[in-house]
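Whatever order the structure lists ligands and atoms in, that order sets their numbers, starting from 1. What you are looking at is a predicted structure, and each value in this text was computed from that prediction instead of being measured. No hydrogens, no waters, no symmetry mates; every other heavy atom, side chains included, goes into these values.
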Amino acid sequence: MMDVDWIPFHPNPKTPDFVVPEGAVDAHCHVFGPVAEFPYAPERKYTPCDAGKDQLFALRDHLGLSRNVIVQATCHGKDNRAMVDACRAGGDLTRGIASVGAGVTDEELADMHDAGVRGVRFNFVKRLVDATPKEVFTEIAERIAKLGWHIVVYFEAADLEELIPFLESLPTIIVVDHMGRPDVSKGVDHPDFQRFADLMARNENIWTKVTCPERLTLAGPPYDDVIAYGAHIVERFPDRVIWGTDWPHPNMRSHMPDDGALVDYIPKIAPTAELQQNLLVDNPMRLYWNTHDETGPD
Ligand code: 0GY
């Protein structure tokens, strides 16, 4: 049974007014279950509604998007079967990001690579996961670097300062979820957000997803209070930003966004055709579709 206060994804998102460029990638989305086929992990911190690959691919088509990067959701723990199954079903239109432990075997990594997995996620958000020692993450990072994979990192703004040395020690590209989750009551120029922007400025390995205005907002839709944050990052780092829906929007307890409205938000943070092409096509294609694809794992 899903959590009593769980809000299911929007049943009927609008057709976006903004027409995305040809080949646009939803570079942050998830699949949940379906539980009858892919049970949720016993250690999960929430129990969602089912949200399977067929619904995800239907949303992709409805929004005019072309490709998906499916990020392993914490409700499935380190059991990547639902994500891998979706990647295999989506074929070359789909890539994945896994969650693995130190015990993952080389064969399992190779199998995931074959399915389209191109990275792992290190999660530091305490309400979502039990803590993993940094030494374990370091060991995993060294192994996946050999596959040409990268690392997606999820943390809350308050934890960034402590995490910086660790992030800068990692051997791959790092993609930070949701701009490091800034507190949007503070303003773009606040030292907390500038700490994140400065990190990106000095370290070219650090990319970010300019995602989740619906999570960061204090004002609610249409998320005008988040625009300045995304616009700042897109303008400063046009070659290291990617975008995604975050469908089916885990743990949105305040409201459920209309995914079509999330697409309409894109030109507010990427106002020119060139920035939109970078954000939605060129950057995610470079990161997820061009590395090691011909050769497979080393
Ligand atoms: C997100 C955000 C959240 C959840 C997860 O894997 C997850 O459970 O990522 C969240 O609750 O903030 O990026 O989907």
Please determine, by modelled atom types, if [X] and [Y] share a side-chain donor-acceptor pair under 3.5 angstrom.
| X | Y | answer |
| --- | --- | --- |
| Thr245 | Asp259 | no |
| His178 | Asp246 | no |
| Asp50 | Tyr40 | yes |

Identity and distance of the protein heavy atom lying nearest atom 14 (O) of ligand 1: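 Looking at atom 14 (O) of ligand 1, the protein heavy atom closest to it is His30 NE2, 2.6 Å.
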Got the closest protein heavy atom to atom 1 (C) of ligand 1, with its distance?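 Here the closest protein heavy atom is Asp246 OD1, 3.3 Å.
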Using distance alone, determine whether Asn123 and ligand 1 share an N or O pair under 3.5 Å.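 Looking only at distances, the answer is no, because the N/O contact criterion of under 3.5 Å is not met.
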Between Asn251 and ligand 1, is there a nitrogen or oxygen pair with a distance under 3.5 Å?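 N/O-N/O distance under 3.5 Å: yes.
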Contact check, His76 vs ligand 1, heavy-atom distance below 4.0 Å: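 False for this residue.
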Can Lys45 be said to touch ligand 1, with heavy atoms closer than 4.0 Å?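 No, that is not the case, since the closest heavy atom of the residue is not under 4.0 Å from the ligand.
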Can you tell me how far CG of Leu56 sits from CG of Asp61, rounded to the nearest 0.5 angstrom?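 If we round to the nearest 0.5 Å, Asp61:CG and Leu56:CG are 9.5 Å apart.
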Might you confirm whether atom NZ of Lys126 has over 12 heavy atoms from other residues, nucleotides or ligands at distances under 6.0 Å?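 Counting neighbours around NZ of Lys126, 12 or fewer heavy atoms of other residues, nucleotides or ligands fall under 6.0 Å, so no.
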A quick test of your reading: do over 12 heavy atoms of other residues, nucleotides or ligands sit less than 6.0 Å from CD of Glu204?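 No, the 6.0 Å shell around CD holds no more than 12 heavy atoms from other groups.
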At a 4.0 Å threshold, what atoms of ligand 1 neighbour a non-hydrogen atom of [X]?
| X | answer |
| --- | --- |
| Arg181 | 12 (O) |
| Ala73 | 6 (O) |
| Tyr46 | 7 (C), 8 (O) |

Heavy-atom pairs closer than 4.0 Å: do any link ligand 1 to the side chain of Arg121, the backbone, both, or neither?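 Arg121 to ligand 1: side-chain contact only, backbone stays beyond 4.0 Å.
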Applying a 4.0 Å heavy-atom criterion (strictly less than), which segment of Leu128 is in contact with ligand 1: side chain, backbone, both, or neither?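 Under 4.0 Å from ligand 1, Leu128 contributes side-chain atoms alone.
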Quick check against the 3.5 Å criterion: does Glu235 have a side-chain atom that pairs as donor or acceptor with the backbone of His232?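 Not at all, since once roles are kept as given, no pair shorter than 3.5 Å links the two residues.
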His249 ring center near Phe32 ring center (under 6.0 Å):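 Not close enough - the centres of the two rings lie 6.0 Å or further apart.
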